Number of protein chains: 2
Amino acid sequence: MSPETPASAIQVIDRAVALIDALAREPGPASLKILSAETGLHPSTAHRILAALSEHGLIDRDSANLYRLGPRLLEWSGRVSAGQDLRQIARPVMEWLRDQVGESVNLTLREGDQVVYVERAIPNRMMRVEQVIGSRAPLHVTAVGKLMLGEAGADATKEYARRTGLRAYTVNTRAKAGTLQKDIDTSRARGYALDDEEAELGVGCIGVLIRDASGAAVAGLSVSAPMERRQTAWIPLVQEAGRRISARLGYQPPAA
Amino acid sequence: MSPETPASAIQVIDRAVALIDALAREPGPASLKILSAETGLHPSTAHRILAALSEHGLIDRDSANLYRLGPRLLEWSGRVSAGQDLRQIARPVMEWLRDQVGESVNLTLREGDQVVYVERAIPNRMMRVEQVIGSRAPLHVTAVGKLMLGEAGADATKEYARRTGLRAYTVNTRAKAGTLQKDIDTSRARGYALDDEEAELGVGCIGVLIRDASGAAVAGLSVSAPMERRQTAWIPLVQEAGRRISARLGYQPPAA
DNA sequence: CAATACGTTTCATAATGTGAAACATTAAAA
DNA sequence: TTTTAATGTTTCACATTATGAAACGTATTG
């Protein structure tokens, strides 16, 4: 089984997840042989589990006995996230923001010590920043991640720093707890965060938080652009987009 | 367990799928009690399976012990479908088509005797046709479905008619094998299909097939609009969009 | 046509998941 | 606050369940 796959108390589920994962990693459809080799499972075992998953539409098999991920996953993914269907609500606003700034717009959720990219709107340009949906990044190297750390409080940030070691991805990464905390505080105070080539050289971001009716930060919205194109004039636009999505989730900003 | 949930050779997988399904059906996050009641599983069993699924990020649980679907499903859903990432390739073209015609654009896959809606682009209008991602419709009442039946040949259509009984959804539904076959033949000949209020009164569609490098029809693209707004002038636009997506999948149209 | 490779089924085996019951924790009521 | 109820969690003896080696089909290839 892949080293990154965690182990749970139920073997079959670990194996089923490993198989689906292997299938997701494959560029195209995959045969039983490939999948059993990839996961280290006995072909017989792999075959039985794959048959069970097919039964439920999680995976499809064509007439050539090649497996691919099934549409049932789409059905489920449409229901992922905070209560309401955040992605469907966010989509039109994200497209609006993308058209305003002409750069990539991403929607992220916090998942442990990382942010996960769950939705995106990409401009039609030759050079652009492109995140893969489902991919992850550490909290301390993304604009939205820093705001999420700010939500959890300074103690949680210290905990995070201890746990992760604040690995530096570029020379600009806030790799010291003090620098990071200062950045977080100013970001939180002004209501938006920047990422100045902290995750990857040449890429800059502007991020804000999305809140639901309870006031909790349920997601983040950000614009990612090549550093030399990024403009401070976009900040109010990003904030406006964030407000629109939050409003549609029922968020009531506290009276000023 | 829910009546619609099929049974496979592996009990745990059936139960895990039933639990995720139950979670997907809930409007918001759900407790262990609700989920075990919903699936008929012993709380202890449900708890163990949910813990295993959490371990893999398929579901999340918050501090109040409420479960919700996890972002790992998004990661997988991004990889669903034919070989390459069809949805990501189709998305910009779908948005283009939506802006051209000002109506909803859908991307569908065939799944057994149904089409599944896997991606959509929705216009910003008050009245519009809106499909839920992951939802299904019978082949014989959709434009794309009829083209897919045409791909499989007249015998397969006869089989389909026998199997399903060609249930009529409106007065316009092609509920007789002869009528359906005639419609399929003309649609196939001209390279696009119409749905004239055959699934729902007041809704009309224009659909085309998407082909990959091997020439196989891997998906369908359609515009759905209120019947009184639908225009024949859109047909070449839909065809153009279909051609663009097919081209990006490596499809080479046969020399004329 | 033979040979090989891949997919599928069988079946004895024990490892695996099960669920009743005891325990822990949280929320509500007194 | 203390008591009670309700929900969530862990344990553990048990047998059901998933396992995988091997035998059997069935395409694919030389």
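Protein chains get the first letters and strands the later ones, always in sequence-line order, with residue 1 at the start of each. Remember, predicted model here, so these are calculated numbers, not experimental data.
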K.L.:
Rounding to a whole Å, what distance do you find between A:Y67:OH and C:dC6:P?
P.N.:
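That distance rounds to 14 Å.
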
K.L.:
Report yes if a side-chain nitrogen or oxygen of B:T45 is closer than 4.0 Å to either non-bridging phosphate oxygen (OP1 or OP2) of C:dG19; otherwise report no.
P.N.:
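Yes.
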
K.L.:
Whole angstroms only, please: what is the CG-C1' distance between B:L19 and C:dG17?
P.N.:
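That distance rounds to 14 Å.
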
K.L.:
Using whole Å, report how far NE2 of A:H42 lies from P of D:dA23.
P.N.:
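Distance check: A:H42 NE2 to D:dA23 P gives 12 Å.
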
K.L.:
Counting only side-chain N and O atoms of A:R15, is one of them less than 4.0 Å from OP1 or OP2 of C:dG17?
P.N.:
no

K.L.:
Given D:dT9, D:dA18, C:dG7, identify the nucleotide with an atom nearest to the side chain of B:N65.
P.N.:
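Within the option list, the nearest is D:dT9.
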
K.L.:
Are the side chain of A:H56 and the backbone of A:L58 linked by a donor-acceptor contact shorter than 3.5 Å?
P.N.:
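Between the backbone of A:L58 and the side chain of A:H56 there is no qualifying donor-acceptor contact (under 3.5 Å).
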
K.L.:
Between B:D14 (CG) and D:dA18 (C1'), how many Å, whole number?
P.N.:
13 Å

K.L.:
Indicate whether any N or O donor in one side chain lies under 3.5 Å from an N or O acceptor in the other, for A:D113 and A:H140.
P.N.:
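Side chains of A:D113 and A:H140: no pair found under 3.5 Å.
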
K.L.:
Which nucleotide in the list C:dA21, C:dT8, D:dT19 gets nearest to the side chain of B:S44?
P.N.:
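For the B:S44 side chain, the nearest candidate turns out to be C:dA21.
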
K.L.:
Atom CZ of B:R61 and atom P of C:dT26: how far apart are they, to the nearest Å?
P.N.:
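Between P of C:dT26 and CZ of B:R61: 12 Å.
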
K.L.:
If you find the nucleotide of DNA chain C closest to A:K33 and the one closest to B:R48, which residue's nucleotide is nearer the 5' end?
P.N.:
A:K33

K.L.:
Within the structure, does a side-chain N or O atom of A:Q11 lie under 4.0 Å from either OP1 or OP2 of C:dG17?
P.N.:
no

K.L.:
May I have the distance from A:H47 (atom NE2) to C:dT10 (atom P), rounded to whole angstrom?
P.N.:
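Value for this atom pair: 11 Å.
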
K.L.:
On DNA chain C, does the nearest nucleotide to A:P43 precede the nearest nucleotide to A:V12 from the 5' side, or the other way round? Give the residue.
P.N.:
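Nearest-nucleotide comparison on DNA chain C picks A:P43.
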
K.L.:
Is the shortest heavy-atom distance from the side chain of B:I20 to the side chain of B:Y67 under 4.5 Å?
P.N.:
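B:I20 does not reach B:Y67 side chain to side chain.
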
K.L.:
Answer yes when A:D21 and B:R72 have at least one side-chain N-carboxylate O distance shorter than 4.0 Å, and no when they do not.
P.N.:
yes

K.L.:
Write down the distance between CD1 (A:I10) and P (D:dT16), rounded to a whole number of angstrom.
P.N.:
19 Å

K.L.:
Whether the A:Q88 and B:R120 side chains hold a donor-acceptor pair (N or O, under 3.5 Å, no angle test) is what I'd like checked.
P.N.:
yes

K.L.:
Between C1' on C:dT26 and CG on B:L32, what's the gap in Å once rounded to a whole number?
P.N.:
14 Å

